[in-house]
Amino acid sequence: MKVLGIETSCDETGIAVYDTDRGLLAEGLYSQVEVHAEYGGVVPELASRDHIRKTLPLTTQVLAEAGLDKSDLDAIAYTAGPGLMGALMVGTTVARSMAFGLGIPSLGVHHMEGHLLAPMLADEPPSYPFVALLVSGGHSQLVRVDGLGCYTLLGESVDDAAGEAFDKTAKLLDLPYPGGPHVARLAEQGDPGRFDFPRPMVRQPGLDMSFSGLKTHTLLTVRQCREETGLTDQDRADIACAFEQAVVDTLVIKCRRALEQEGLNTLVMAGGVSANRNLRRALADRLGPKGVAVFYPPLSLCTDNGAMIAYAGALRLQAGQRDMGDGEVRPRWPMTELRPPEAA
Ligand code: KG4
Ligand code: ZN
């Protein structure tokens with residue numbers, strides 16, 4: 001079954017074709033970073049307009065790269081939520097109209113399920129059951145995964161998502177949007193012994209997380225440096241390093257706790273922040289010796305992309321699931337509402 005995947009939930013237009021027999025055939029990604037850079041964050045209306053400009057040309061390009069014609073497709077999957085309302089509407093409208101015109105089924109996919117399943121596209125995929133750490137710009141969640149659509153939320157951020165904390169810290173350090181990769185790069189030059197930032201909510205029991213206090217701590221440290229000597233490049237690097245260490249440490253502690261609680265020894269990490277090399281390294285170094293196998297998606301599939309949507313959609317479409325209803329988008333859509341394909 002050849003499935004076209006369309007991702008337009010935020011600031012990336014991602015298109016891919018996944019074949020259930022042959023795997024990923026082609027993918028294309030257009031990032032809107034330059035469109036939003038001067039505003040320091042995503043401007044929803046500009047995002048929608050840019051998706052309108054890019055979705056069809058990128059689809060044509062990806063189909064050509066896959067050596068396919070539109071008529072070769074068996075189904076179309078698209079991100080139906082969560083995300084920005086206008087941006088989601090573009091992908092949804094294009095996907096559903098195209099599917100209607102071609103006389104093939106369509107299916108709205110949950111963006112975080114796409115992220116969650118992206119590690120399955122790696123050479124050595126994990127097998128169920130496992131604990132998933134989903135860390136993106138909008139979500140920080142620990143989920144028990146027993147199969148496709150069998151998700152139990154174990155814990156989540158009570159305020160900012162991990163990626164959001166990276167982005168806000170980047171702003172405080174005068175780094176461009178999106179901040180995660182820039183903070184990570186700057187942190188490499190930092191002195192890990194200079195500042196010791198708090199590890200939020202690690203002393204309380206449970207698996208919820210909080211990152212907004214860490215952001216405030218960063219702000220206060222930046223201010224203090226400014227007042228004392230002016231904020232030097234070394235200060236910025238040291239702060240980035242302390243911030244990253246605190247986030248990584250907190251996530252490792254929560255992951256270990258979740259695995260112990262569930263009696264599992266497989267951890268899957270996904271979402272934009274899973275591209276963070278220190279987080280990958282810390283999880284492998286600190287949980288590996290305890291017998292935990294850690295899986296993550298290929299780097300290119302950590303942040304938003306069309307392949308994860310094509311893949312998640314293909315699994316559900318192959319099991320017979322189809323779009324019902326009127327194609328309403330779901331800007332807010334709790335992942336716990338998802339069901340296995342046969343029950344959806
Ligand atoms: O999954 P994603 O592409 O979009 C959402 O669904 O939100 O995640 C984007 C987030 C941004 O907050 C970005 O700063 C963060 O992932 N990110 C990183 C890294 N690469 C991307 N955070 C830390 N380190 C990175 N290397
Ligand atoms: Zn995402």
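Whatever order the structure lists them in is the order used to number ligands and atoms, beginning at 1.
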Trainee: Does the N or O separation between Asp167 and ligand 1 drop below 3.5 Å for any pair?
Mentor: yes
Trainee: Short list, please: which atoms of ligand 1 are under 4.0 Å from a heavy atom of Gly138?
Mentor: 7 (O)
Trainee: Is ligand 1 less than 4.0 angstrom away from at least one heavy atom of His111?
Mentor: yes
Trainee: In sequence, state the C-alpha distance, the side-chain angles, and the governing distance for His139 and Ser136, and then conclude on side chain to side chain contact (heavy atoms under 4.5 Å, CB included).
Mentor: CA-CA 5 Å; His139 294 80; Ser136 69; 3.7 Å; yes
Trainee: Salt bridge check, Lys70 against Asp72: does any charged N sit closer than 4.0 Å to a carboxylate O?
Mentor: no
Trainee: Can you tell whether the side chains of Asp249 and Arg286 come within less than 4.0 Å, N to carboxylate O?
Mentor: yes
Trainee: Please list the nearest protein heavy atom to atom 21 (C) of ligand 1 with its residue and the distance rounded to 0.1 Å.
Mentor: Gly272 O, 3.4 Å
Trainee: Taking the six-membered ring of Tyr78 (Phe, Tyr or Trp), confirm whether the NZ or CZ of Arg96 is under 6.0 Å from its centre and within 45° of its axis.
Mentor: no
Trainee: Starting from the Zn ion (ligand 2), look over the N/O/S atoms of Asp304 and name the nearest one.
Mentor: OD1
Trainee: Where the Zn ion (ligand 2) is the corner point, what angle links NE2 of His111 with NE2 of His115, to 10°?
Mentor: 100°
Trainee: Would you call Lys215-Glu164 a salt bridge at under 4.0 Å N-O?
Mentor: no
Trainee: Answer with yes or no whether His115 contacts ligand 1, where contact means a heavy atom under 4.0 Å from a ligand atom.
Mentor: yes
Trainee: Hey, mind stepping through Tyr296 and Leu133 against side chain to side chain contact (heavy atoms under 4.5 Å, CB included) and telling me if it holds?
Mentor: CA-CA 10 Å; Tyr296 11 67; Leu133 171 69; over 6 Å; no
Trainee: Identify whether the distance between the nearest side-chain nitrogen and carboxylate oxygen of Asp174 and Arg226 falls below 4.0 Å.
Mentor: yes
Trainee: Specify the protein heavy atom at minimum distance from atom 2 (P) of ligand 1: its residue, its atom name, and the distance to 0.1 Å.
Mentor: Asp304 OD1, 3.3 Å
Trainee: Of all the non-hydrogen atoms in the protein, which one sits nearest to atom 7 (O) of ligand 1, and at what distance?
Mentor: Gly137 N, 2.8 Å
Trainee: Specify the protein heavy atom at minimum distance from atom 24 (N) of ligand 1: its residue, its atom name, and the distance to 0.1 Å.
Mentor: Asn276 ND2, 3.0 Å
Trainee: Glu7 vs His111, test: side chain to side chain donor-acceptor pair (under 3.5 Å). Steps then yes/no.
Mentor: CA-CA 8 Å; Glu7 153 65 34; His111 180 80; 2.9 Å; yes
Trainee: Salt-bridged, Glu45 to Arg49, with N to O below 4.0 Å?
Mentor: yes
Trainee: Please check whether Gly163 reaches ligand 1 - meaning an N/O of the residue sits under 3.5 Å from an N/O of the ligand, judged on distance alone.
Mentor: yes
Trainee: Tell me the protein heavy atom at minimum distance from atom 22 (N) of ligand 1, and give that distance in Å.
Mentor: Gly180 CA, 3.4 Å
Trainee: Does Cys10 reach ligand 1, in the sense of a heavy atom lying below 4.0 Å from it?
Mentor: no
